[in-house]
Structure formats: structure tokens, C-alpha cells
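By convention in this document, chain letters (A, B, ...) are assigned in the order of the sequence lines, proteins followed by strands, and residues within each chain are numbered from 1. Just so it is clear, the model here is predicted, and its values are computed rather than measured.
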Amino acid sequence: MNITEEIKISDNGFVFNSKTGDSFNVNPTGLELIKLIAQNIDFDSIKEIFIQKYDIDDLAFEKDYHEFCAMVNYHQVATTEDPLDFK
Amino acid sequence: MSTLQLTIAVTGLNNTDNPGPGVPVIRSLKDSKAFDIKFIGLVYETLEPGIYMEGLCDKIYQIPYPSAGTNELIDRIEEIHRRDPIDILIPNFDAELFSFMKNEVRLLESGIRTFLPTIKQFQERDKDKLPEFGEKYDLKVPASLNLGSQNQISQIKDKFEYPVMVKGKFYDAYMAYNSEQVKQSFNKISSKWGLPVIIQEFVKGTEVNVIALGDGEGNTIAAVPMRKQYITDKGKAWGGITLADKKMLEITSNLIRKTKWKGAMELELIKTVKGEYYLLEINPRIPAWVYLAVGAGQNIPEALVKLALGQEVAPLEAYSSGKMFVRYSYDIIVDLEKFESIAMNGEL
């Protein structure tokens with residue numbers, strides 16, 4: 001999954017899609033996640049980072065991650081070549 | 001660089017909830033470093049707010065509505081020109097454009113320059129000819145039906161699914177969910193703007209716009225896309241944000257190349273969830289949100305003035321996306337003498 005080039009992300013968690021004009025607020029965890037995705041860090045590494053940093057297990061992280069990715073995809077913040085592949 | 005001294009006359013000072021582009025055009029030109037401009041405001045009504053805005057116009061003249069007769073309007077412009085010589089005239093109302101286009105040569109002969117589309121360009125993008133325009137220039141447009149009388153309202157259900165948009169030839173658009181609502185809108189629009197009343201397929205999506213300037217040779221001199229963020233009940237943008245949308249710029253430059261559009265324009269588009277763009281209409285003039293384009297890096301009125309003067313203008317390609325405008329209302333306290341002067345003498 002790639003964050004599209006038109007996306008501007010501020011350190012406060014304000015996400016602006018300059019192609020559509022939509023803007024969103026993400027919470028600190030969402031901001032951390034979206035920044036990691038924007039840096040093209042692979043899914044397994046992101047999972048490792050989150051499991052070490054937060055009190056969360058594999059399954060819960062994967063579920064939340066996929067939900068988050070589906071949401072950013074829906075809002076055209078990110079693109080995936082395969083809509084079923086959120087990694 | 002030395003600044004060139006000019007006198008520019010501008011119409012459309014009605015900075016109301018249905019704002020004209022006059023005030024933002026003047027603000028844009030005041031930002032220009034290339035010109036030192038004396039502004040003449042040309043107004044139709046005595047309560048156009050631009051008349052009373054401090055520091056906006058150097059002189060105000062009232063002019064007759066084009067409906068009073070084109071000659072009367074142009075005669076008045078020439079009379080003003082004899083007293084206060086005008087270098088460039090920037091008309092900003094759709095309804096007056098035809099008169100100024102038709103008299104472009106007469107105005108030029110008396111020394112007044114304009115930079116307007118040709119009558120052919122103006123007419124072929126008329127709202128009631130949009131399907132033919134879309135076909136000719138390879139643009140998606142919503143299906144439409146021109147109503148010449150109320151009897152045709154029954155044809156709508158054979159051609160469209162409700163809701164539909166009911167539009168006037170010049171202004172006004174209402175959404176109608178059934179034939180009764182079409183009838184109401186038809187009466188409202190036809191009594192104000194005449195016939196035909198246009199029924200347009202409702203295309204679901206986000207309303208986006210492009211302000212652009214063509215040099216008349218097929219080159220796009222400026223183009224800035226915007227999304228309306230707040231729309232008033234009159235359908236006017238009260239807030240907007242510039243977009244980085246390459247497709248919208250491509251649509252605009254293709255259209256300007258094919259039509260050899262001369263002057264400013266505003267493309268009104270609907271972007272569907274599938275990412276398709278439908279052209280709703282083309283306004284053949286500078287729109288009221290022009291100052292957003294200036295804030296984003298393209299001073300379109302300044303470029304238009306340069307083109308009107310016959311100067312070479314390099315295309316403005318860069319602009320900032322994510323620049324916003326938010327309108328506000330403001331009370332101006334006006335002394336009775338000012339109102340009296342414009343109401344009694346037709347000038348201020």
C-alpha cells in the first residue's frame with residue numbers, strides 16, 4: 001500500500017488530500033501508523049514496531065491495521081494495486 | 001521594472017451573497033507590481049457594496065442595464081471615457097458580456113481595450129447547447145432537455161430519473177424530485193431569465209471548478225483547480241480550497257487548445273466517485289473566487305491585463321495546492337451624501 005503523492009501529513013495529525021480537497025484528523029497512533037506507511041516500511045516491520053511499543057497482540061494489531069488501511073483507502077489517502085492486499 | 005500607469009474600468013461590484021467578480025478582480029490588480037492603476041467602478045445598482053468600500057475604486061459611475069439597449073450602454077461608457085479615459089475594460093457579468101463582445105471594435109477604436117472571448121466561443125458554450133459542445137470537444141456532459149413550454153415537463157420522466165436539475169439560461173439552478181417541483185422551478189426561472197429552461201441529468205459527485213485564462217491562440221496562460229468547501233443556498237462558493245488535480249488541468253488545457261479560448265473562464269465540473277469528470281457549464285469570465293488563484297500564485301487578472309495590452313505572457317504553471325478562501329460579510333457605515341451622489345448624479 002502506498003500513500004499517494006498528493007497527501008500532506010502534519011505533525012499534529014492533520015491529513016490533507018490535495019487532489020480531492022478532503023481533510024482528516026488522525027489520532028497519535030493513526031499518525032504514527034500513516035507515517036510508517038508513507039515511509040514504505042513493510043507490514044511485518046510495522047507490526048513488530050507496534051507490538052514492541054504497545055500492549056497489543058498479533059491478531060488485534062492485524063485487525064486494527066486492516067481496518068485503518070481500509071479506511072485510508074476508502075478516502076483515497078492510500079492506494080493498493082490489489083484491493084484485498086493491505087500490506 | 002517600472003510600473004505602467006493605467007486606468008481600468010471594472011463591473012460586478014455587487015459583493016453580496018451572490019457576489020460579482022469586480023471586487024476580487026480589483027484586489028488582485030492592486031497586488032500587481034507591474035501596474036499602477038486608477039480604478040473606475042461601473043455599477044448598475046446604487047447599493048453594490050463595492051461602491052462604498054474604502055480604498056477600492058477611485059471613481060464610480062452608474063451605467064444602464066444592457067437590457068435598456070446595447071447602444072445606450074456603450075454610449076454611456078464612451079461618455080465616461082471622454083471624462084475619465086479608460087485604458088482597459090473588464091466586464092464581469094454574464095448578461096452584459098454579449099454587448100461588450102459585440103462592440104469590441106467600437107470600444108477599441110475609441111481607445112478602450114478588452115480581452116474577451118469571441119461571440120462564437122461565447123455562444124457555443126451556452127447552457128442549452130452543452131450536449132453539442134461536449135460532443136464536439138470530447139467532454140462528458142450530463143444529459144439535458146431544453147423546455148420551451150410547461151407542456152414538455154411530462155417528457156422528463158421518459159428521459160431521466162428524478163431528481164433532475166432545473167436551470168436558467170443565464171443563472172439559477174434548482175434540484176427537483178418530481179414534476180410538480182419542476183413546474184415550480186420552471187415558472188420561477190422562465191419569468192426571470194426567459195426560455196428555454198434546461199433540465200439536466202443529476203450527476204452525483206463532488207463539485208469542482210477550474211479558473212483559467214486562454215490567450216486566444218490555444219495556449220493556457222493560467223489554470224487553478226478548486227473544490228468548493230462551503231456552498232450557500234444560492235449555490236455560490238463561500239469557501240474553497242485549491243487542488244493538485246492533474247486531470248482537471250489536462251481537461252482545461254485540452255479545451256483551451258481546441259477552442260482557442262480568448263480570455264478568462266471558469267469550468268464547473270462534477271467529479272464522480274469513479275473519478276469521472278462531467279462538465280456542468282462554462283462561465284465565460286473571471287469567477288468571483290479569483291482572489292484564491294492569486295493567493296495560490298497565479299494573478300490571473302494581471303495576466304489578462306497584460307494580454308489586453310498585447311504584451312507577451314509566459315504561461316503561469318505553478319500554484320500552491322491546499323490554499324483556502326473563506327468569505328465573510330462586513331458592515332460598511334455609509335454617509336448619506338455618498339448614497340445621494342450615486343443615486344442622484346450616477347457617479348461618486
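For the options B:Gly322, B:Ala244, B:Gly240, heavy-atom pairs under 4.5 Å to chain A are most numerous at B:Ala244. Between chain B and the residues A:Glu6, A:Lys8, A:Glu5, the most heavy-atom pairs under 4.5 angstrom are made by A:Lys8.
For B:Lys30, the NZ atom is densely surrounded, since the number of other residues' heavy atoms within 6.0 Å is greater than 12. More than 12 heavy atoms of other residues, nucleotides or ligands lie within 6.0 Å of NZ in B:Lys258, so this atom counts as buried by the packing criterion. For B:Tyr230, the OH atom is loosely surrounded, since the number of other residues' heavy atoms within 6.0 Å does not exceed 12. Other residues, nucleotides and ligands contribute over 12 non-hydrogen atoms within 6.0 Å of the NZ atom of A:Lys35. More than 12 non-hydrogen atoms from other residues, nucleotides or ligands lie less than 6.0 angstrom from CZ of A:Phe14.
Neither the backbone nor the side chain of B:Lys247 comes within contact range of chain A, judged by heavy atoms closer than 4.5 Å.
Considering every non-hydrogen atom in both B:Thr242 and A:Phe16, the closest pair reads O-CZ, 4.2 Å. When all heavy atoms are compared, the tightest approach of B:Lys271 to A:Thr20 is NZ-CG2, 4.0 Å.
Atoms CD and OG, on B:Gln229 and A:Ser23 in that order, are 7.0 Å from each other to the nearest 0.5 Å.
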